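What follows is one structure encoded as structure tokens, with my remarks underneath.
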Amino acid sequence: MTTNVNEEGSSANPSSPPARPTSLPISTVSVVNAGDTQTPSPNGNHKSTIVIESQPKRRVSIVSEGPVLGYDNPAFDQSHARKISQCSANSPLEIGPPGRRRSILKDTLAHDNDSDRMSTYSNENYRQSALDVLNAKYNNLQSVLGSQDNNGNYVEQSWIYNFCLKFRGEEPNEAWEPPFWQKIFPFPLCPTFRTFSRLIALTAIGALLWIISFVIIGDSAAPGGQLFSMVVLTVAANFGGYLMSLTTLPRLIGMLLVGVLFESLGWVNLDGDFSKVTAHCRKFALTVILTRAGLEMDPEAFKKVYKTILKLGIVPWFVEFCVIAVMSHYLLDLPWIWGCLLGSIMAAIAPAVVVPCLFRLRTKGYGVTKGIPTLVVAVSGVDDAISVAVFGIISTIMFTDRGQLYLISQVPVCIIGGLGFGIIWGLLARIFPEKGDAYVVPLRTLLLFVGNLVAIYGSDKLGYEGAGPLAVVFSSFISNYFWCKDGWTIDDNPVGTGFEIFWMIFEPILFGLTGATIKIRQLDSSLLYTGAACIFSGVIIRIFLTAGIAFGDRLNIKEKFFVGLSWMAKATVQAALGPVALRHLGDKASENEIKWAKTVQTICILSIILTAPLGAILISVTGTRMLTKTKQPQILTGWRRSHRPSIRDISIIDEEEEREDPETPKDKQTQENTENNAHIPNYSYTKHQ
């Protein structure tokens, strides 16, 4: 369309000719004043001619396309560092002289070619125009059929529109799309081009990696091979977790059920020599779990309320451990040593369930004033460390044939050795690399991860399996303590982001493999009933005990019971340690020992299925009723703005750009333009298809 803008130029030179009406190719010009409303044309035709005569006499140039909106006469003024006013949409950092160096890990620059610019600057309008086409088609169809229900926005009010909208998240920056994309695949009924291209890239990477693995490994990576089956199981488990997350339940439930489904249908076979590979995957996942548990603990909060954390972490854990050991001995016919082994696993808390639920409550302001989210997360880390350490000690005593002196030395050596290694490695992680290093984030992440793997594998090799888990949690805690002193925070820890990404990789592997170990056809129904009785007995007793011993902690009755409820979920430690006992049995194991090991494995997986979704639901439902809400909810920044971060959250350079260049002072002319243009109505330019 063509809009004639009549401007009478005012200049210091009186002999200069008056400005001619200028014909500019723009899409639509809408004059919006305060209190005015804009009424679209009933026939959908927006072509019009607007003559502007009410403005002060000044020369103006309107450019409809290009990323220079908000600048004073950009067609003639080559100094792009000057803005028309303080409220201009763009800053000198975007168009003027280059600002400070941005991170190489994130490319947020706009495309330079014309076709890219045309496709990105009005992306929302493209989406809206595509929906307008769909609405028009539906309205025409309704008119042909003689229907009177024609409200013009049927698509936006349909259930499928709202259903698809739930699957579409907000993009961190403006996305490029081909000009035809929204016409063929309208948003949100179809995925965005960014999502589609990401899936294509991931598919291509996976296919190429599979080709390389097939060439190197051979038949195991071919379709039908064990490695190929594990990869397919991992991908399917990740997809099952995504579907489960749509219900706001933990992703791990969907992953576990996918593993059970694959085993029931005979699509996966991980027995034989390949069991060594799955055992190493479990150790890697356990290392990531314990490292995250150490990084989650706030050093400052731990120093202030360490008595409360230790009290609520050790006493309820020990009571649940004893309850599970006693009930499994009498109800499941397990020997006492096997009952203690099961109790050490079952007493652990699942941070993978607890942390996301508490994060949502914390962002809404529930329990923040008394530090309840910090308390619950810290205790879950302590519980995991105790559970894995005690499990290592008990399993070493059960499956070794060394002398009595070696068995007696298990407890002191594991405690002293684990804590000592944690302190030393935590100090090294503070000094190396130097905190000002440009690659401090990846180096610290890899150094901590490799050191913790050495602690897990080294303690297992030396025969003191309980020392490794303590070393992992304590080294992570000590490292985080020194990093916080250097300026990092618990809520914005880039190393924690790295381990979140590691967990995104190992979570579907761990829970998919755990679910695949369950053979439903061989399960005894009586075992399920008695196992559920043992599980809930320990959980209920622990809840009431926690509420009873939380005296002197400034918590009311409701908050005490909420803390107990939040610790009922079982998931990560149970999935990592449940099948370990069966793997420790050699070829000479008796039928009873195999039966006991399978019972331990079944009870661990049953506890995940029963308590993980129930715990997540109870935390979300009771948190808003039992906790006190602050007037100002917590606005969290950094990588914890989402409990599912991505690789773009890791950055060596801070990605936050200031809107104003600190080196560019506010000149007098810019301030005068701001004051002079305050009375001018706003013009919006909308491109219609």
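Since we're looking at a predicted model, the values are computed, not measured.
- The side-chain heavy atoms of T497 and D492, taken from C-beta on, include no pair separated by under 4.5 Å.
- Looking at every heavy atom in both residues, P373 comes nearest to G367 through CD-O, 3.3 Å.
- The side-chain hydrogen bond (donor to acceptor under 3.5 Å, both in side chains) test applied to R282 returns T514, not counting sequence neighbours.
- Aromatic ring pairs are classed by plane angle as parallel below 30°, tilted from 30° to 60° and perpendicular above 60°; the pair F421 and W425 is parallel.
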Take I609 and I253 through the test side-chain contact (heavy atoms from CB on, under 4.5 Å) and record every step on the way to the result.
CA-CA 7 Å; I609 297 175; I253 300 298; 5.8 Å; no
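- Closest approach of A576 to L286, counting heavy atoms only: CB-CD1, 4.1 Å.
- For F482, the CZ atom counts as densely surrounded, since its 6.0 Å shell holds more than 12 non-hydrogen atoms of other residues, nucleotides or ligands.
- Remark: W317 pairs with F321 by the ring pair (Phe, Tyr, Trp, His ring centres under 6.0 Å) rule, at least two apart or across chains.
- Heavy atoms of other residues, nucleotides or ligands lying less than 6.0 angstrom from CD1 of I416 number 12 at most.
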Walk me through whether S395 and L577 qualify under side-chain contact (heavy atoms from CB on, under 4.5 Å).
CA-CA 11 Å; S395 62; L577 300 182; over 6 Å; no
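- The two residues L428 and L447 make their nearest non-hydrogen contact at O-CD2, 4.4 Å.
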After noting the C-alpha distance and the side-chain angles of K370 and N556, does the key distance pass the side-chain contact (heavy atoms from CB on, under 4.5 Å) rule?
CA-CA 11 Å; K370 295 185 180 180; N556 56 38; 4.2 Å; yes
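- The structure places CG of L606 at 10.0 Å from SG of C534, a figure rounded to the nearest 0.5 Å.
- The nearest pair of heavy atoms linking V390 to S344 is CG1-CB, 3.9 Å.
- Between T192 and T195, the side chains place a donor N or O and an acceptor N or O closer than 3.5 Å (distance only, hydrogens not considered).
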Show the numbers, then the answer: is there a ring pair (Phe, Tyr, Trp, His ring centres under 6.0 Å) between Y481 and F302?
CA-CA 10 Å; Y481 170 74; F302 197 90; over 10 Å; no
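- Smallest separation of non-hydrogen atoms from T369 and T630: CG2-CG2, 2.9 Å.
- A side-chain donor from one of N452 and T291 sits under 3.5 Å from a side-chain acceptor of the other.
- Between I324 and L342, the shortest heavy-atom distance links the atoms CG2-CG, 4.0 Å.
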